[in-house]
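Let me begin by presenting the structure, written as structure tokens, before commenting on it.
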Amino acid sequence: LTDGDRSLVRVVLSHAHPDHYGLVGRVGENVPIYAGSATARVLHEAAFFTRSGADLQLAGELKDRRPLHLGPFTVTPYLVDHSAFDAYALLVEADGRRLFYTGDIRFHGRKAPTVERLLASPPKGVHVLLMEGTRVGSSSAARYLSSEKEVEEEAYRFFIETDGIALCMFSPQNVDRLVSLFKAAKRADRKFVYDLYAASVARVTRRPKIPQPEWSEVRVYVPNAQRVKVKEAGEFDRVNEISGARISLEELAGEPARFTLLYRASMGPELEKAGCLKGARALWSQWDGYLAEPSGKRAKEWLDVRKIPLEVIHTSGHATVDDLRRLADAFADARLVPIHTDHPEQFAAEFGRAEPHDDGEGWPV
């Protein structure tokens, strides 16, 4: 990425998760970068609010099934279902050979029809299927719900069973999850309250069906950490744009059972000081492995000390083995190369064929 190798003609980013875009800052300035336009906008917001994200200057945008001619390559993006908004699989063609890269993919989210469309009419003549296998050999199926719709149903149950404020711990970049929790809150007759970061992500999706600050069912709480960030950056338009939707700690504390709140551990002390947490319960709606990390442990301990119970309600951003089998069958004539998996050795048993390659190994398509 950094040594000026002239064989690197373009970089194409499939979606806005750090294991896919995380090294983009090391790409030489003369190398054009391509991604979905919404991906670039979401990463720009993440760069302002978090220690991740990126400010991408795109040479071109990925659009569903619109080929891009990039040097000797033709790359055709296929919009797919994933926990990241604006995620793509990629068909890569050169020298009469065709490789299909699944990217990160699932069949059980709110964009599942995109994957069903792919299965119904896959590209022809593919020589290699580069297929993710995050859940191959994983025990997550026993821990997680089966679909985004089931997340909505379980969240609705959680909200109606909660006497006080419902604290929801999830990533604002998981727009499907934002929609699921909003729908559940609306059904439970609760106002859906998210922070300035989530409001910014919702805005830059430019999708009218994503919950926006202007909606009557939505409010925006700007925690102290985000107020400081806006002040230091001088970006006051960020709060001015949502001024009509802002909610105060006093309003949250006045009748906490009316609200579902996107919660971050850093908000805890200010919510406690304002008296917002009587009868509160917490909902964890992301990978539960984060709870074993130091920050997750601290967040859980803080809740435990205050006797705020935490429940995991989550579904994976990755396809089940059964769904991956359907995908492999749709490309039955292609060599199957495992990627994005801890268990490439299990691919042959699960899918009837496999051609594993090591990281850094060169091999012909």
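All values derive from a computational prediction rather than experimental measurement.
Scanning both residues, Tyr88 and Gly36, for their nearest heavy atoms gives CE1-CA, 4.1 Å. Scanning all heavy atoms of the two residues, the minimum distance from Pro213 to Ala199 falls at CG-CB, 3.9 Å. For the residue pair Leu262 and Ala198, the shortest heavy atom distance occurs at CD1-CB, 3.7 Å.
Within the 3.5 Å criterion, the main-chain N or O of Ala188 finds no donor-acceptor partner in the side chain of Tyr156. In this structure, the side chain of Tyr194 engages the main chain of Pro211 through a donor-acceptor pair within 3.5 Å. With hydrogens and angles disregarded, no donor-acceptor distance shorter than 3.5 Å links the side chain of Arg65 to the backbone of Tyr78. Of the possible polar contacts, none joining the Arg177 side chain to the Ser171 backbone as a donor-acceptor pair under 3.5 Å is found. Distance alone, capped at 3.5 Å, places no donor-acceptor pair between the Ser147 side chain and the His108 backbone. Arg135 contributes a side-chain N or O that, together with a main-chain N or O of His318, makes up a donor-acceptor pair within less than 3.5 Å. Panel note: side chain Glu45, backbone Val204; no donor-acceptor pair is recorded below 3.5 Å. In this structure, the side chain of Lys191 engages the main chain of Ser216 through a donor-acceptor pair within 3.5 Å. For Arg190 (side chain) and Phe159 (main-chain N/O), a donor-acceptor pair under 3.5 Å exists by modelled atom type.
At a threshold of 4.0 Å, the pair Glu153-Arg187 counts as salt-bridged, since one of the basic side-chain nitrogens sits closer than that to a carboxylate oxygen. Between Glu217 and Lys183 there is no salt bridge, since no side-chain nitrogen of the basic residue lies less than 4.0 Å from a carboxylate oxygen of the acidic one. Salt-bridge annotation for Glu152 and Arg110: present, with a side-chain N of the basic residue lying under 4.0 Å from a carboxylate O of the acidic one. Taking the charged nitrogens against the carboxylate oxygens, Glu311 and Arg157 do have a contact shorter than 4.0 Å, which makes a salt bridge.
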When you look at Asp322 and Thr320, which way does the side chain to side chain donor-acceptor pair (under 3.5 Å) test go after all the steps?
CA-CA 5 Å; Asp322 286 344; Thr320 65; 5.3 Å; no
Before giving the answer on side chain to side chain donor-acceptor pair (under 3.5 Å), spell out for His17 and His82 the whole-Å C-alpha distance, their side-chain angles and the decisive distance to 0.1 Å.
CA-CA 10 Å; His17 277 164; His82 183 46; 3.2 Å; yes
Test side-chain contact (heavy atoms from CB on, under 4.5 Å) on Thr205 and Gln212 and set out the steps.
CA-CA 10 Å; Thr205 64; Gln212 300 293 329; 4.3 Å; yes
Decide side-chain contact (heavy atoms from CB on, under 4.5 Å) for Val92 and Tyr101; before the verdict, give the C-alpha distance in whole Å, the side-chain angles of both, and the deciding distance to 0.1 Å.
CA-CA 8 Å; Val92 183; Tyr101 164 57; 5.6 Å; no
In sequence, state the C-alpha distance, the side-chain angles, and the governing distance for His127 and Arg97, and then conclude on side chain to side chain donor-acceptor pair (under 3.5 Å).
CA-CA 7 Å; His127 299 93; Arg97 307 296 289 178; 3.2 Å; yes
Working note: Trp284 + Lys300, criterion side-chain contact (heavy atoms from CB on, under 4.5 Å); need CA distance, chi angles, decisive distance, verdict.
CA-CA 10 Å; Trp284 183 271; Lys300 178 72 163 57; over 6 Å; no
Start with the C-alpha distance between Glu293 and Ser295, add both sets of side-chain angles, then the distance that settles side chain to side chain donor-acceptor pair (under 3.5 Å), and finish with yes or no.
CA-CA 6 Å; Glu293 296 181 357; Ser295 60; 4.8 Å; no
side-chain contact (heavy atoms from CB on, under 4.5 Å) assessment of Asp86 paired with Val42:
CA-CA 9 Å; Asp86 196 35; Val42 167; over 6 Å; no
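There is a path of hydrophobic side-chain contacts, each under 4.5 Å, that joins Val193 to Leu277. Neither Ile105 nor Val128 shares a network with the other; the hydrophobic side chains, linked directly or stepwise wherever heavy atoms of I, L, V, M, F, W or Y lie under 4.5 Å apart, form separate groups for each. Side-chain heavy atoms closer than 4.5 Å link hydrophobic residues (I, L, V, M, F, W, Y) into clusters, and following such links, even through other members, never connects Val75 to Val27. The hydrophobic clustering, which links ILVMFWY residues whose side-chain heavy atoms are closer than 4.5 Å, places Leu249 and Leu167 together. In the hydrophobic cluster analysis, where Ile, Leu, Val, Met, Phe, Trp and Tyr join through side-chain heavy atoms closer than 4.5 angstrom, Leu58 is grouped together with Val24.
Rounded to the nearest 0.5 angstrom, Leu118 CG and Leu79 CG are separated by 10.5 Å. Phe236 CZ to Ser243 OG: the interatomic distance, rounded to the nearest 0.5 Å, is 14.5 Å. How far CD of Gln346 is from CG of Asp342: 10.0 Å, rounded to the nearest 0.5 Å. Summarising the geometry, atom OG1 belonging to Thr341 is positioned 8.5 Å from atom CD belonging to Glu132; distances are rounded to the nearest 0.5 Å. Rounding to the nearest 0.5 Å places CZ of Phe100 at 8.0 Å from CG of Leu90. Within the model, atoms CD1 of Ile33 and CZ of Arg10 stand 11.5 Å from one another, a figure rounded to the nearest 0.5 Å.
Using a 4.5 Å heavy-atom threshold, the side chains of Leu70 and Val9 count as separate. Contact check for Met169 versus Leu310: side-chain heavy atoms found under the 4.5 Å cut-off. Residues Tyr144 and Asp288 form a side-chain contact, since some pair of their non-hydrogen atoms from C-beta on lies under 4.5 Å apart. For the pair Tyr263 and Leu271, the minimum side-chain heavy-atom distance is below 4.5 Å. For the pair Asp333/Val126, no side-chain contact is recorded, criterion being any heavy-atom separation below 4.5 Å from C-beta on. At least one side-chain heavy atom of Val239 sits under 4.5 Å from a side-chain heavy atom of Arg246.
Under the 6.0 Å distance and 45° angle rule, Arg264 does not count as a cation-pi partner of Tyr197. In this structure, Arg298 forms no cation-pi arrangement with Trp302, as its terminal cationic atom is not both closer than 6.0 Å to the ring centre and no more than 45° off the ring axis.
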Just list the side-chain donor-acceptor pairs under 3.5 Å for residues 347-365, sequence neighbours left out, or say none.
residue	atom	partner	partner atom	Å
Glu350	OE1	Arg325	NH2	2.8
Arg353	NE	Ala334	O	2.9
Arg353	NH2	Ala328	O	3.2
Arg353	NH2	Phe331	O	2.7
Arg353	NH2	Ala334	O	3.3
Glu355	OE1	Arg335	NE	2.8
Glu355	OE2	Arg335	NH2	2.9
Glu355	OE2	His357	NE2	2.8
His357	ND1	Glu361	OE2	2.9
Glu361	OE1	Asp358	N	2.8

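Close placement of the Phe182 and Trp215 rings is indicated, their centers lying within 6.0 Å of each other. Under the 6.0 Å cut-off for aromatic ring centres, Tyr221 and Phe259 do not qualify, their centroids lying 6.0 Å or more apart.
Residue-environment remark: CG (Asp95) stays at or below the threshold of 12 foreign heavy atoms within 6.0 Å. Within 6.0 Å of CG on Asn240 lie more than 12 heavy atoms contributed by other residues, nucleotides or ligands. The 12-atom threshold is not exceeded at NZ of Lys186, counting heavy atoms of other residues, nucleotides or ligands nearer than 6.0 Å.
Looking at Gln286 and Asn174, their side chains never bring a donor and an acceptor atom within 3.5 Å of each other. Remark: the Thr74 side chain and the His69 side chain contain an N/O donor-acceptor pair separated by less than 3.5 Å.
Ring geometry for His20 versus His15: interplanar angle of 30 to 60°, hence tilted.
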